[in-house]
2 protein chains.
Amino acid sequence: MALGKDYAGQDCSLARALELVGERWTLLVVRDAFYGVRRYSDFLAHLDIPRAVLAERLQALTAAGVLDKRRYQHAPPRDEYVLTEIGRELWPALRALSSWGARHLSDTGPSRVFSHVHCGTPLGRFGECPSCGDPVPPQDVEVRPGPGAGTRDDPVSRALRQPHRLLEPLFGAPS
Amino acid sequence: MALGKDYAGQDCSLARALELVGERWTLLVVRDAFYGVRRYSDFLAHLDIPRAVLAERLQALTAAGVLDKRRYQHAPPRDEYVLTEIGRELWPALRALSSWGARHLSDTGPSRVFSHVHCGTPLGRFGECPSCGDPVPPQDVEVRPGPGAGTRDDPVSRALRQPHRLLEPLFGAPS
DNA sequence: CCCAGTCGATTCGTTGACCGAACCAACACT
DNA sequence: AGTGTTGGTTCGGTCAACGAATCGACTGGG
């Protein structure tokens with residue numbers, strides 16, 4: 001977590017994962033990346049995160065190969081951050097944690113619902129499709145607002161009010 | 001995370017989960033609980049965590065219903081912390097994160113290997129049994145040291161050098 | 001050319017969580 | 001009485017997070 005000290009001595013895959021992805025805000029940044037957020041200003045507006053912290057997290061995730069920073073426009077220079085294959089493989093972990101939170105820490109029901117885009121079935125708690133029985137890769141998952149949906153009013157929240165496929169860019173950024 | 005501010009406004013199950021379980025050390029405490037660690041002093045010895053922080057985390061997890069603090073002996077008074085059903089349901093998330101870390105952030109291979117106790121098959125990346133095809137509940141999982149096992153020398157690390165079933169107490173504490 | 005606006009940051013002073021060592025209370029054993 | 005174990009609490013010091021202000025590169029408008 002790079003919070004003063006690392007988890008030195010914890011010879012454990014979990015500890016190593018947490019040093020990168022366990023810092024404050026980091027997993028929420030990754031979650032937004034799955035939602036299709038790609039630009040600094042959109043992360044900023046959706047997360048209410050201090051600018052310096054966002055810049056640091058994006059840099060760390062890029063350095064670790066979870067995100068790829070690429071210039072999609074040269075005049076003026078504009079960069080976007082996109083999940084790499086390594087980043088996309090965080091989906092099961094993200095899904096499991098989020099599902100756990102929804103089941104045990106929520107009073108209003110989930111704020112977003114995930115379903116298999118091919119058959120419309122809501123995902124099970126491991127991210128699998130109950131009717132097909134197989135784990136669903138994120139690009140085949142559709143997000144929709146759920147019963148506990150919030151009332152934020154930033155461009156990202158507004159765009160997420162309609163069904164959206166994971167990993168698809170939220171805004172028509174030049175690919 | 002209760003780090004200065006909470007994730008106010010992040011109306012999201014993931015954010016709620018992270019406020020509890022996303023703080024530094026917390027998931028490692030839960031991991032140790034799955035390993036069968038139950039006593040304050042054992043967490044302390046295995047994690048190299050500041051005493052105050054451990055006390056705070058155990059209290060928070062207990063308050064949230066993830067751990068159950070119970071007195072297993074009255075003279076002298078001794079308490080143990082045991083995973084509740086809610087806590088045990090964190091297993092898929094823990095497994096997914098740990099597996100991700102092992103695949104992408106490890107140079108020596110996993111420090112511990114998990115396998116289905118009924119058939120001996122090593123678990124897949126979602127915590128499922130590749131040969132049975134079903135998700136394996138933690139009480140049916142066996143931990144063994146893996147190729148990247150460390151060289152710590154505390155009672156917990158020593159006890160974990162031999163195969164051990166998850167959730168079983170590491171030491172013969174009176175149940 | 002000049003000015004306002006946007007994007008992606010960096011800088012800075014303050015707050016607060018984490019760290020590690022010391023201390024403490026309750027109890028058991030000798 | 002003295003020593004040891006367990007399960008904490010207390011206390012400075014340090015370092016990361018916070019939020020506001022600033023900045024540099026660029027564009028489009030007048």
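Throughout, protein chains are lettered first and strands after them, A, B, ... in sequence-line order, and every chain is numbered starting at 1.
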Output the rounded distance in Å from [atom1] ([X]) to [atom2] ([N]).
X: A/E80; N: C/dG8; atom1: CD; atom2: C1'; answer: 14 Å
X: B/K69; N: D/dG7; atom1: NZ; atom2: P; answer: 9 Å
X: B/D42; N: D/dG8; atom1: CG; atom2: C1'; answer: 15 Å
X: B/L47; N: C/dC19; atom1: CG; atom2: C1'; answer: 15 Å
X: B/D154; N: D/dT6; atom1: CG; atom2: P; answer: 14 Å
X: A/Q73; N: D/dA25; atom1: CD; atom2: C1'; answer: 13 Å
X: A/R39; N: C/dA9; atom1: CZ; atom2: P; answer: 12 Å
X: B/E23; N: C/dC19; atom1: CD; atom2: C1'; answer: 15 Å

Sort out for me which residue in A/Q73, A/R39, A/R71 forms a side chain to side chain contact (heavy atoms under 4.5 Å, CB included) with A/D79. A/R71

So B/W91 and B/F114, would you call those rings parallel, tilted or perpendicular, with 30° and 60° as cut-offs? perpendicular

N/O (side chain, [X]) to phosphate O (OP1/OP2, [N]) under 4.0 Å:
X: A/S41; N: C/dC7; value: no
X: B/Y72; N: D/dT6; value: no
X: B/W25; N: C/dA17; value: no
X: B/Y7; N: D/dA17; value: no
X: B/R24; N: C/dC19; value: yes
X: B/R78; N: C/dC27; value: no

Got a list of side-chain donor-acceptor pairs under 3.5 Å for residues 57-66 of chain A, not counting sequence neighbours?
unit_1, atom_1, unit_2, atom_2, d
A/R57, NE, A/R24, O, 2.9
A/R57, NE, A/T26, OG1, 3.3
A/R57, NH2, A/R24, O, 3.2
A/T62, OG1, A/L58, O, 2.6

A/V53, A/Y81: one ILVMFWY side-chain cluster at the under-4.5 Å cut-off? yes

Could you check if a side-chain atom of A/T108 sits within less than 4.5 angstrom of a side-chain atom of A/S106, using non-hydrogen atoms only? yes

Any side-chain to backbone donor/acceptor pair from B/R70 onto B/V82? Under 3.5 Å, distance only. no

Which part of the nucleic acid does A/F43 contact within heavy-atom distance under 4.0 Å: base, sugar-phosphate only, or nothing? nothing

Any residue of residues 49-67 of chain B with a heavy atom less than 4.0 Å from an atom of DNA chain D: B/R51, B/A52, B/A55

Got a salt bridge between A/E19 and A/R16, using NZ or NE/NH1/NH2 to carboxylate O under 4.0 Å? no

Nearest heavy atom decides the nucleotide; on that basis, is B/Y40 or A/P76 closer to the 5' end of DNA chain D? B/Y40

